[in-house]
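To start, the structure under review is shown below, and the notes come after it.
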Amino acid sequence: MATPKKLTKAVLAKHREALEAERSELLSQIDELDAEADVKNWRDGGFDDDPADSGSANIERERAQSLARHARGMLDQIDAAIDRIEDGSYGTCTRCGKPVERARLNALPYAELCVSCKQLDEAGR
């Protein structure tokens, strides 16, 4: 297998732009989800102490909180990828040190593991 070429400044700029756009979108989603999960908003929205309303509100709050947690996790991954661009390690697998495949970076610009290491990670190794 041939070693991939080093990422050019143009490619790094493209990935950084994609990461920053996704970061901005996630921040907006997190704000919306946090507002949706806020108990005060549910009370102001007309839900009272009726058990059916309360149950529905709890389910919706939990859903919003779960989605917000997931978005924050993705935000952490994006911030870490931007840090790797800045420190010059972007595109290098954080586990084995080999280059992360270009196709993988194009699909997931915040990927920190090459395909082989990701497969090992998912297999629990």
Side-chain angles (χ1 to χ4, degrees):
M1 175 189 258
T3 303
K5 292 189 277 182
K6 186 167 175 64
L7 298 173
T8 65
K9 287 182 181 183
V11 170
L12 288 172
K14 177 184 137 201
H15 285 288
R16 184 181 187 113
E17 183 178 320
L19 288 163
E20 288 176 352
E22 191 164 351
R23 185 179 196 285
S24 178
E25 179 63 31
L26 282 170
L27 288 171
S28 294
Q29 288 177 11
I30 289 169
D31 286 344
E32 290 173 18
L33 290 166
D34 284 346
E36 189 176 327
D38 186 0
V39 173
K40 182 181 179 302
N41 287 340
W42 285 95
R43 294 253 182 224
D44 293 345
F47 286 100
D48 54 26
D49 291 327
D50 178 271
D53 284 346
S54 180
S56 294
N58 285 336
I59 289 169
E60 288 301 313
R61 271 195 307 273
E62 288 175 14
R63 181 194 66 81
Q65 289 169 343
S66 176
L67 290 170
R69 273 193 304 277
H70 177 73
R72 282 186 178 88
M74 298 230 10
L75 188 62
D76 290 344
Q77 291 178 47
I78 287 169
D79 287 343
I82 291 170
D83 289 345
R84 289 192 304 278
I85 288 173
E86 292 192 7
D87 73 17
S89 64
Y90 182 80
T92 301
C93 180
T94 58
R95 179 180 284 170
C96 71
K98 294 180 181 173
V100 176
E101 298 79 4
R102 292 271 179 109
R104 181 160 169 74
L105 287 175
N106 289 336
L108 297 169
Y110 49 84
E112 64 180 65
L113 299 175
C114 66
V115 171
S116 297
C117 287
K118 183 63 177 174
Q119 288 171 337
L120 291 172
D121 190 53
E122 288 178 354
R125 296 186 226 162

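These values consider heavy atoms only, across backbone and side chains, with no hydrogens, waters or symmetry-generated copies. Start at 1 with the first residue, then count along the sequence.
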Check: Passes side chain to side chain contact (heavy atoms under 4.5 Å, CB included), E36 versus L33? Steps please.
Finding: CA-CA 5 Å; E36 189 176 327; L33 290 166; 4.2 Å; yes
Checklist line | Within 6.0 Å of CD in E17, more than 12 heavy atoms from elsewhere | finding: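 Not buried by this count: 12 neighbours or fewer within 6.0 Å.
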Note to self: Under 4.5 Å between side-chain heavy atoms, counting indirect links through other Ile/Leu/Val/Met/Phe/Trp/Tyr residues: same cluster for I85 and L26 or not?
What the structure shows: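 Yes, one cluster joins them.
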Next item on the list: Treating Ile, Leu, Val, Met, Phe, Trp and Tyr as nodes and any side-chain heavy-atom pair under 4.5 angstrom as an edge, say whether L7 and I82 lie in one connected cluster.
Entry: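 In one cluster: yes.
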Would you give the length of the straight line joining atom [atom1] of [X] to atom [atom2] of [Y], rounded to the nearest 0.5 angstrom?
| X | Y | atom1 | atom2 | answer |
| --- | --- | --- | --- | --- |
| Q29 | L75 | CD | CG | 10.5 Å |
| R84 | H15 | CZ | NE2 | 12.0 Å |
| D79 | E20 | CG | CD | 10.0 Å |
| R16 | L12 | CZ | CG | 10.0 Å |

Quiz: residues 105-123 side-chain donor-acceptor pairs under 3.5 angstrom, not counting sequence neighbours:
residue : atom : partner : partner atom : Å
N106    : ND2  : R102    : O            : 3.3
E112    : OE2  : T94     : OG1          : 3.3
D121    : OD1  : R95     : NH2          : 3.4

Next item on the list: Would you name the heavy atoms of A81 and L19 that are closest together and state the gap between them?
Entry: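 Scanning both residues completely, I find the closest heavy atoms to be CB-CD1, 3.8 Å.
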Notebook entry, point to check: For E25, which residues count as a salt bridge (charged side-chain N to carboxylate O under 4.0 Å, His left out) partner, sequence neighbours excluded?
Noted result: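 For E25 there are no salt bridge (charged side-chain N to carboxylate O under 4.0 Å, His left out) partners, ignoring immediate neighbours.
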Item checked: Beyond-backbone contact of R72 with D34, side-chain heavy atoms, under 4.5 angstrom ->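 Of all side-chain heavy-atom pairs linking D34 with R72, at least one is under 4.5 Å.
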